[in-house]
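To start, the structure under review is shown below, and the notes come after it.
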Amino acid sequence: MTLDDAEAFAVAAGWPRFRGEQIWRWVHDKGARTFDEMTNLAPAVRAELATRAVIGCLTVAEVQTSKDGTRKLRLVTRDGFSIETVLIPGADKVTQCISSQVGCAVDCQFCATAKLGLKRNLDAGEIVDQVYLGRRLLAEAEPDKRISNLVYMGMGEPLHNYENLVTSLRILTHDKGAKLAQRRITVSTSGLVPKLEKLGAEDVRPNLAVSLNAPNDAVRDEIMPINRKWNIGKLLAALKAYPLEQRRRITFEYVLLAGVNDSLSDAAQLARLLRGFKCKLNIIPYNPHPEAVYARPTSAVVEAFQNECKRLGMSTYLRIPRGDDIDAACGQLANRSNGSPVVPLRVRKGPPPPPPVE
Ligand code: SAH
Ligand code: SF4
């Protein structure tokens with residue numbers, strides 16, 4: 001529910017409108033997961049509320065912690081699907097990576113999520129609940145740390161789930177709710193051109209990351225079939241027209257695949273392509289997973305590629321793999337546990353179970 005929905009819910013229940021806001025703030029600002037925590041509501045109201053509504057829509061099925069401190073949470077939806085979210089600690093901040101879909105339909109050849117296919121979109125509640133469960137876990141495990149940055153880079157293609165993406169952004173950035181700063185949120189996309197144009201016209205403005213991954217159409221066609229629909233020319237034209245906030249830059253993600261897109265001439269083509277763009281390049285050495293045929297380039301090749309990009313004037317970052325020992329790094333999210341086979345996406349068949357008893 002958005003704040004408006006919660007107010008309408010209160011009115012429909014025969015309560016004053018402001019009660020909707022009270023309840024909404026408890027959930028989104030204070031992180032309440034039971035009605036009993038809502039101490040400014042009379043006990044009778046809380047009891048009635050519990051007959052009309054539930055809080056939260058995901059349950060934590062499993063938490064894995066990497067050697068480097070990264071935590072991966074496997075979360076289960078009411079209808080039994082598993083999704084994943086990852087908490088990545090940095091020197092002075094924690095970044096949370098969230099999922100937008102169960103699986104993904106885009107079929108990038110190097111990505112583990114692609115192999116799951118698309119099962120369904122997450123609704124806005126399931127997107128935001130990942131953040132609240134992540135916050136909760138961190139508060140228990142490391143109370144001195146807070147999640148400061150949010151990236152939509154988990155399972156799924158956020159722009160394929162456009163309405164829920166935008167609703168989740170509105171909820172998470174609401175100044176009466178979770179209060180996340182727009183400049184600390186990044187949406188990553190494989191490049192759905194019409195939806196990029198639509199996003200540019202919204203009142204919420206997250207940062208944008210675009211999975212480019214290739215210096216030309218021939219390579220991109222091969223590794224990202226979506227390029228056959230919206231090629232690099234169309235993608236870059238849409239991005240040129242994207243209304244960037246002042247001082248912000250588009251991030252281009254570039255997964256380095258040995259022998260595919262990692263040569264010095266690839267770097268030169270890339271530099272030509274992106275000349276004049278307000279952008280930065282995020283180089284991601286390929287993270288292996290069993291279903292893909294690719295390999296990670298040696299660190300010498302990675303370094304040479306990055307140096308060439310820098311020499312040609314690009315501002316580049318090297319994304320060091322985080323949590324790869326628990327399959328939590330970029331492109332590895334596929335409901336795998338301790339290296340064991342994929343946990344079935346759907347662990348339960350049939351209608352949604354009753355709400356959990358707190
Ligand atoms: N669907 C969105 C967001 C999720 S993927 C998108 O594609 O942008 C997040 C990032 O992980 C993308 O930049 C993608 O290119 C990268 N990625 C996918 N598989 C990878 C792998 N095996 N190794 C490294 N990065 C990978
Ligand atoms: Fe989907 Fe992104 Fe993976 Fe491509 S890289 S299959 S768009 S999750």
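Both counts, for ligands and for their atoms, begin at 1 and track the order of listing. Quantities reported herein were computed from a predicted structural model and do not represent experimental measurements.
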Nitrogen or oxygen contacts under 3.5 Å, ligand 1 side and protein side:
{"from": "ligand 1", "atom 1": "1 (N)", "to": "G156", "atom 2": "O", "distance (Å)": "2.9"}
{"from": "ligand 1", "atom 1": "7 (O)", "to": "S211", "atom 2": "OG", "distance (Å)": "3.3"}
{"from": "ligand 1", "atom 1": "8 (O)", "to": "S188", "atom 2": "OG", "distance (Å)": "2.6"}
{"from": "ligand 1", "atom 1": "8 (O)", "to": "T189", "atom 2": "N", "distance (Å)": "3.4"}
{"from": "ligand 1", "atom 1": "8 (O)", "to": "S211", "atom 2": "OG", "distance (Å)": "2.6"}
{"from": "ligand 1", "atom 1": "13 (O)", "to": "S211", "atom 2": "OG", "distance (Å)": "2.8"}
{"from": "ligand 1", "atom 1": "13 (O)", "to": "E253", "atom 2": "OE1", "distance (Å)": "3.3"}
{"from": "ligand 1", "atom 1": "13 (O)", "to": "E253", "atom 2": "OE2", "distance (Å)": "3.1"}
{"from": "ligand 1", "atom 1": "15 (O)", "to": "N213", "atom 2": "ND2", "distance (Å)": "3.2"}
{"from": "ligand 1", "atom 1": "22 (N)", "to": "F110", "atom 2": "O", "distance (Å)": "2.9"}
{"from": "ligand 1", "atom 1": "22 (N)", "to": "N287", "atom 2": "O", "distance (Å)": "3.0"}
{"from": "ligand 1", "atom 1": "23 (N)", "to": "N287", "atom 2": "N", "distance (Å)": "2.9"}
{"from": "ligand 1", "atom 1": "23 (N)", "to": "C330", "atom 2": "O", "distance (Å)": "3.3"}

- Query: Passes side chain to side chain contact (heavy atoms under 4.5 Å, CB included), Q109 versus M224? Steps please.
  - Reply: CA-CA 6 Å; Q109 298 300 297; M224 298 182 72; over 6 Å; no
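- Under a 3.5 Å cut-off, the side chain of D324 and the backbone N or O of D327 do not form any donor-acceptor pair.
- When heavy-atom distances to ligand 2 are checked against 4.0 Å, the residues falling inside are C104, V106, D107, C108, C111, A114, G156, E157, S190, ordered by chain and number.
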Run the side-chain donor-acceptor check on residues 7-23: report pairs under 3.5 Å with partners two or more places apart or on a different chain.
{"from": "E21", "atom 1": "OE1", "to": "K176", "atom 2": "NZ", "distance (Å)": "3.4"}
{"from": "E21", "atom 1": "OE2", "to": "R25", "atom 2": "NE", "distance (Å)": "3.0"}
{"from": "E21", "atom 1": "OE2", "to": "R25", "atom 2": "NH2", "distance (Å)": "3.2"}

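- For K93, the NZ atom sits in a loose shell: 12 or fewer heavy atoms of surrounding residues, nucleotides or ligands are nearer than 6.0 Å.
- Side-chain contact, T173 with Q182: no donor N or O sits under 3.5 Å from an acceptor N or O.
- In terms of modelled atom types and a separation under 3.5 Å, the side chain of N261 and the main chain of N213 share a donor-acceptor contact.
- Looking at residues two or more places apart in sequence or on another chain, you find a salt bridge (charged side-chain N to carboxylate O under 4.0 Å, His left out) between R120 and D79, E126.
- Checked by atom type and distance alone, the side chain of K72 pairs as donor or acceptor with a backbone atom of I326 at under 3.5 Å.
- S99 and E84 form no side-chain donor-acceptor contact under 3.5 Å, judged by distance and modelled atom types alone.
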